[in-house]
2 protein chains.
Amino acid sequence: MSRLLVTVDIVLFTIRERVLHVLLIRRLARPFENRYALPGGFVLEDESLEAAAARELREEAGVEKVYLEQLYSFGDPKRDPRGRVVTVAYYALVSETQPLRAGSDASVAAWFPVAQLPTLAFDHRKIVECAHQRIRNKLDYTNVGFELLPEMFTLGDLQLVHEAIVGQALDKRNFRRKITQKAIVKPLKEWRKTGRKPAQLFRFSDEVGHIH
Amino acid sequence: MSRLLVTVDIVLFTIRERVLHVLLIRRLARPFENRYALPGGFVLEDESLEAAAARELREEAGVEKVYLEQLYSFGDPKRDPRGRVVTVAYYALVSETQPLRAGSDASVAAWFPVAQLPTLAFDHRKIVECAHQRIRNKLDYTNVGFELLPEMFTLGDLQLVHEAIVGQALDKRNFRRKITQKAIVKPLKEWRKTGRKPAQLFRFSDEVGHIH
DNA sequence: GACATAAGTGTCTTATCGACACCATAATAG
DNA sequence: CTATTATGGTGTCGATAAGACACTTATGTC
């Protein structure tokens with residue numbers, strides 16, 4: 001009946017320049033000094049795991065109100081050289097347009113393409129890979145794709161999100177067919193006029209509700 | 001940076017009499033004295049989470065060598081009236097023929113149909129429902145169905161397992177087509193002679209490997 | 001030998017998924 | 001102003017998967 005250190009670590013995804021990125025934080029303390037690691041920290045005595053994850057996201061990444069979901073718990077006794085630490089990993093999704101609050105120490109937090117990560121501290125690489133796999137799997141049967149977009153988006157935007165997550169190009173017509181016939185998206189009467197030909201805007205059809 | 005109590009709880013499934021059952025243990029101590037609860041216990045300082053789950057299964061249920069997979073972690077600060085306890089839940093699957101070792105205190109451990117559970121201690125009902133949903137979802141695209149069967153089984157057996165998990169009858173011909181064309185099952189040259197017409201025996205085709 | 005029980009087998013229809021090519025519209029470059 | 005370029009938007013065909021559906025066969029029991 002021993003007490004253990006319990007942390008949460010969060011894999012925060014976003015899409016920048018059509019590429020899936022993860023937020024990493026440069027460690028200033030030992031162990032793994034100067035290595036990049038996931039945002040995270042200890043769970044306090046009276047907060048839920050999810051609340052801890054949300055708080056760490058706020059404190060370390062300056063991010064508020066994100067889609068947040070539990071990923072997996074990692075408890076190998078040797079995963080932290082300092083001693084026994086169990087971590088409950090979460091993943092989170094933010095749209096590119098929702099900027100990180102500058103409150104976080106910008107010099108240490110940075111976005112990395114998920115396909116080109118630096119060497120990470122602890123077992124964080126494994127955690128990132130686990131999270132990436134999870135959102136790839138959930139792309140088809142849940143709403144995770146929408147969480148990486150602003151409220152209004154074009155079908156082109158949505159396709160780019162899917163392509164960034166699965167890491168390969170998709171057929172435009174097949175993609176649009178699948179999305180529209182699932183009726184999880186609601187066409188608006190507005191068109192985006194930027195760029196080339198105006199594109200119709202859509203929003204997530206909240207009548208369906210969020211599926212996890 | 002507070003230390004927290006960390007437990008593992010295990011939802012152990014089996015199929016008895018064509019119905020999905022869960023193993024529960026009657027609590028002898030407070031809180032929830034005399035209520036049924038999931039087998040589980042504290043994680044020791046130097047064992048992994050999975051090792052803790054396997055150990056508790058051995059100690060409390062007398063079960064060895066089962067399919068064991070992490071389910072979810074529950075960390076509501078109020079989930080245990082004694083104080084803060086984070087639990088990492090696992091689910092496990094055993095075949096009906098693999099008997100529980102009598103070593104466990106048989107008077108307190110008992111199987112309950114998952115559809116007719118007694119009132120459970122803590123948040124264990126939620127954990128069982130979460131596990132049930134998980135294996136239902138995984139039935140189609142993983143091997144969980146086989147883990148509830150002995151090494152050799154008939155397609156009729158396998159169909160009964162699927163029916164017990166999804167809770168409804170399946171069409172025999174469609175089921176057999178799906179199973180056989182996925183080639184995840186290997187026909188043997190043996191027939192089971194019990195019952196009525198002899199039925200061909202199969203085994204899980206381990207060439208495919210286990211898919212989680 | 002009649003009956004009860006589970007094993008085993010095929011077709012048709014429908015839905016889904018992937019492959020595939022062209023025109024339209026607006027901004028920008030020359 | 002017109003040529004270029006980038007993105008938006010659209011339909012068909014074939015393959016595959018999935019669901020609905022009924023009868024015959026082998027064995028044990030009464």
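Chain letters run A, B, ... following the sequence lines, proteins first, then strands; residues in each count from 1.
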For atom [atom1] of [X] and atom [atom2] of [N], their distance in whole Å:
X: B:Lys197; N: D:dA26; atom1: NZ; atom2: P; result: 6 Å
X: B:Gln181; N: D:dA18; atom1: CD; atom2: P; result: 7 Å
X: A:Leu201; N: D:dG9; atom1: CG; atom2: C1'; result: 15 Å
X: B:Arg196; N: D:dT27; atom1: CZ; atom2: P; result: 13 Å
X: A:Lys193; N: C:dT25; atom1: NZ; atom2: C1'; result: 13 Å
X: A:Asp157; N: D:dG9; atom1: CG; atom2: P; result: 10 Å
X: B:Asp140; N: D:dG19; atom1: CG; atom2: C1'; result: 14 Å
X: A:Leu160; N: D:dA6; atom1: CG; atom2: C1'; result: 13 Å

Looking at residues 166-179 of chain A, who's got a heavy atom less than 4.0 Å off DNA chain D?
A:Lys172, A:Arg173, A:Arg176
With distance as the sole test, does A:Gln70 use its side chain to make a donor-acceptor pair with the main-chain N or O of B:Ser73 at under 3.5 Å?
yes
Is the side chain of A:Arg192 donor-acceptor paired with the backbone N or O of A:Gln200 at a distance under 3.5 Å, no angle test?
no
Is any side-chain heavy atom of A:Trp111 closer than 4.5 Å to one of A:Glu17?
no
If you round to the nearest 0.5 Å, how far is NE2 of B:His124 from CZ of B:Arg35?
12.5 Å
Give me the ring orientation class for B:His162 and B:Phe175: parallel if the planes are under 30° apart, tilted from 30 to 60°, perpendicular past 60°.
perpendicular
Establish, yes or no, whether a centroid distance under 6.0 Å links the rings of A:Phe202 and A:Phe153.
no
